[in-house]
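Values in this document were obtained by computation on a predicted structure and should not be read as measured data. Chain identifiers are assigned alphabetically (A, B, ...) following the order of the sequence lines, protein sequences preceding nucleic acid strands; residue numbering begins at 1 within each chain.
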Number of protein chains: 2
Amino acid sequence: MESSYPQPLVMVDIALFTIRDKRLSLILTRRKEPPFEGLLALPGGFVHVQEDADTEAAARRVIRGKIGFDAPYLEQLFTFSGVARDPRGWSVSVVYYALVPWALLERNASVELCPVEALPSLPFDHQQIVAKAMERLRGKATYSSLPAFLLPGEFTMNDLHGIYQQTIGARLDKASFRHKILEQDIIEEIPRRFRTGAHRPAQLYRLSSKALTAFERKI
Amino acid sequence: MESSYPQPLVMVDIALFTIRDKRLSLILTRRKEPPFEGLLALPGGFVHVQEDADTEAAARRVIRGKIGFDAPYLEQLFTFSGVARDPRGWSVSVVYYALVPWALLERNASVELCPVEALPSLPFDHQQIVAKAMERLRGKATYSSLPAFLLPGEFTMNDLHGIYQQTIGARLDKASFRHKILEQDIIEEIPRRFRTGAHRPAQLYRLSSKALTAFERKI
DNA sequence: CAGACTTAATTGTTTTTTGCAAATAACTAT
DNA sequence: ATAGTTATTTGCAAAAAACAATTAAGTCTG
């Protein structure tokens, strides 16, 4: 039977993004075991065929282990494979990327955060993985509600505008951005809720039910 | 050591598209072994850690086994996993999709072709896989040169226009389409080459070197 | 061999989208 | 009250896209 052939090791790795101080950042783990013991790397682990229904469940397990709760946005990114990527042997890593608002992480003292423009050199093929994840993030930012998942439940149009500029890496016209976003129905005004501060109060928005169900269907 | 845990079975499956008689079609295989012996299914196989450098190499091996040569376009689609998708046990399938011009397949008598609107019910989770592949194809058609890989080396603007409409599933204005495509530099005129027939001859085009190198870099 | 026919390709016009600049609105701090 | 600052809207110009019609280039038919 074919399945008696030697099989690759199967693991999941997570590119877990957040935005702190307006900087897109990754949550990393300091490895507690060989190989690469002591180095910072993407959180990950082996798939446990006894407890994980599929690799997405494995990814959620890893994320919960790292930050204590589920990420609001989770999507499969790409599968990396080969004999050379891990010194333990031929391996397959199903990589997911996840977005978490910084507000949810703040109390969590243990997380190691690193802005994407200042990453250390990462073990395995994690450098490549990060590059691919950024590419996807940038790509989706131009036509989906994805970057909104980096924000907490309530946010202003300016917050959203900034996040989009961050992830796309370019300047966007405010008026056009506002227009296009509202037209897509991915966010909605929270009636009578404003962020008040030094100046004119800003209308608060939240993700619309349309955006949330689109995410459930992984669009 | 972690790697002594029970590991999932690792395989690759291929969604191999072509266009025959203006209909987007899939190349299927009649299974020669259990499970689902005798049924039509996507071509696939286990990853051979001795001979495959990575899952993409495994995918190429499967494709060569099926059609006798490499597909002009090949890209990783998605990884499907779980305990229920294959009766042999917890498995991971890294799925690739590939595009092949019908002209290259014509002489190959053994291939079983099936238009995507008239697929039989497929075993495993292959129905889902096909749905995902179509979605990706549709998505990419709107902004890339991808559908052009379904055509032979020389094609007319009308051929291309038809293919795009096929994969997107909507009508596209001829003048606008022409304009946008030419502006992107993904195809180029073949000087002095025309398809002659019953009426006005049509200029022949080919993929530009820009489109070909973009594919090499998997854009 | 003229003209009808058919498909290819271009051109012009209207409509929609986008980018830019300025104006208006709503607050706080002095 | 008013200057200062950020939020939001408005208006207009430029660009892109959709639509409609015209011109081009051949074959086929009587």
Side-chain angles (χ1 to χ4, degrees), chain A residues 19 21-22 138-145 147-148 151-206 208, chain B residues 19 21-22 138-145 147-148 151-206 208:
Chain A
I19 290 205
D21 306 333
K22 312 248 172 200
R138 208 167 298 131
K140 287 223 166 186
T142 57
Y143 66 91
S144 83
S145 59
L151 291 172
E154 304 188 334
F155 50 85
T156 68
M157 192 58 81
N158 261 355
D159 293 341
L160 194 64
H161 182 235
I163 293 274
Y164 269 79
Q165 291 193 147
Q166 272 284 315
T167 55
I168 290 172
R171 194 199 144 270
L172 299 171
D173 177 67
K174 272 197 179 186
S176 307
F177 176 78
R178 179 186 224 86
H179 185 79
K180 225 186 317 184
I181 287 289
L182 290 178
E183 180 183 63
Q184 285 181 74
D185 286 333
I186 60 183
I187 64 170
E188 60 192 14
E189 280 189 11
I190 311 177
R192 291 181 306 284
R193 291 270 304 149
F194 296 89
R195 174 175 306 164
T196 117
H199 306 290
R200 174 175 173 172
Q203 175 68 55
L204 285 171
Y205 294 87
R206 62 185 165 216
S208 70
Chain B
I19 291 205
D21 305 334
K22 310 248 173 203
R138 208 167 298 130
K140 286 224 165 183
T142 58
Y143 66 87
S144 83
S145 59
L151 290 172
E154 305 189 333
F155 50 86
T156 68
M157 192 57 83
N158 262 355
D159 293 341
L160 194 63
H161 182 236
I163 294 275
Y164 269 78
Q165 292 193 147
Q166 271 284 314
T167 55
I168 290 173
R171 195 201 143 269
L172 299 171
D173 178 66
K174 274 199 177 185
S176 308
F177 176 78
R178 180 185 222 84
H179 185 79
K180 227 190 310 185
I181 287 289
L182 289 176
E183 179 184 63
Q184 285 181 76
D185 287 331
I186 61 183
I187 64 170
E188 60 191 16
E189 277 188 13
I190 312 177
R192 289 181 306 286
R193 291 270 302 149
F194 296 88
R195 174 174 307 163
T196 116
H199 306 290
R200 174 174 174 174
Q203 174 69 54
L204 285 171
Y205 294 85
R206 61 185 166 218
S208 70

(message) Applying the side-chain contact (heavy atoms from CB on, under 4.5 Å) criterion to Phe155(A), which one of Ile190(A), Leu204(A), Ile187(A) satisfies it?
(response) Ile187(A)

(request) Give a yes or no answer on whether the side chain of Gln165(B) reaches the backbone of Leu172(B) with a donor-acceptor pair at less than 3.5 Å. (result) yes

(message) Taking 4.0 Å as the cut-off, does a side-chain nitrogen or oxygen of Arg178(B) come that near to OP1 or OP2 on dA9(C)?
(response) yes

(request) Quick one: closest heavy-atom pair of Ala141(A) and Tyr164(A), and the distance? (result) O-CE2, 3.0 Å

(request) Taking Ser208(B) for its side chain and Asp185(B) for its backbone only, find out whether a donor-acceptor pair lies under 3.5 Å. (result) yes

(message) Within the structure provided, determine whether Gln203(A) and Thr156(A) are in side-chain contact (heavy-atom separation under 4.5 Å).
(response) no

(request) Please state how far atom CD in Gln203(A) lies from atom C1' in dC27(C), giving the value in whole angstrom units. (result) 15 Å

(request) Please tell me which of Glu189(A) and His199(A) maps to the more 5' nucleotide of DNA chain D, matching each residue to the nucleotide holding its nearest heavy atom. (result) His199(A)

(message) I'd like to check Glu188(A) versus Leu182(A) (side-chain heavy atoms, cut-off strictly below 4.5 Å). Are they in contact?
(response) no

(message) Does anything in residues 159-173 of chain A come within less than 4.0 Å of DNA chain D? Heavy atoms only, and list the residues if so.
(response) none

(message) Could you tell me how far apart His179(B) (NE2) and dT11(C) (C1') are, to the nearest whole angstrom?
(response) 13 Å

(message) Distance under 4.0 Å to a non-hydrogen atom of chain B counts as contact; along DNA chain D, which nucleotides mark the start and end?
(response) dA18(D) to dT27(D)

(request) Could you check Gly197(A) against Lys180(A) and say which one's nearest nucleotide on DNA chain C is further toward the 5' end? (result) Lys180(A)

(request) Could you tell me whether a side-chain N or O of Gln166(A) sits under 3.5 Å from a main-chain N or O of His161(A), the two making a donor and an acceptor? (result) no

(message) Looking at Asp173(A) and Arg178(A), is there a salt bridge between them, counting it only when a charged N and a carboxylate O are closer than 4.0 Å?
(response) no

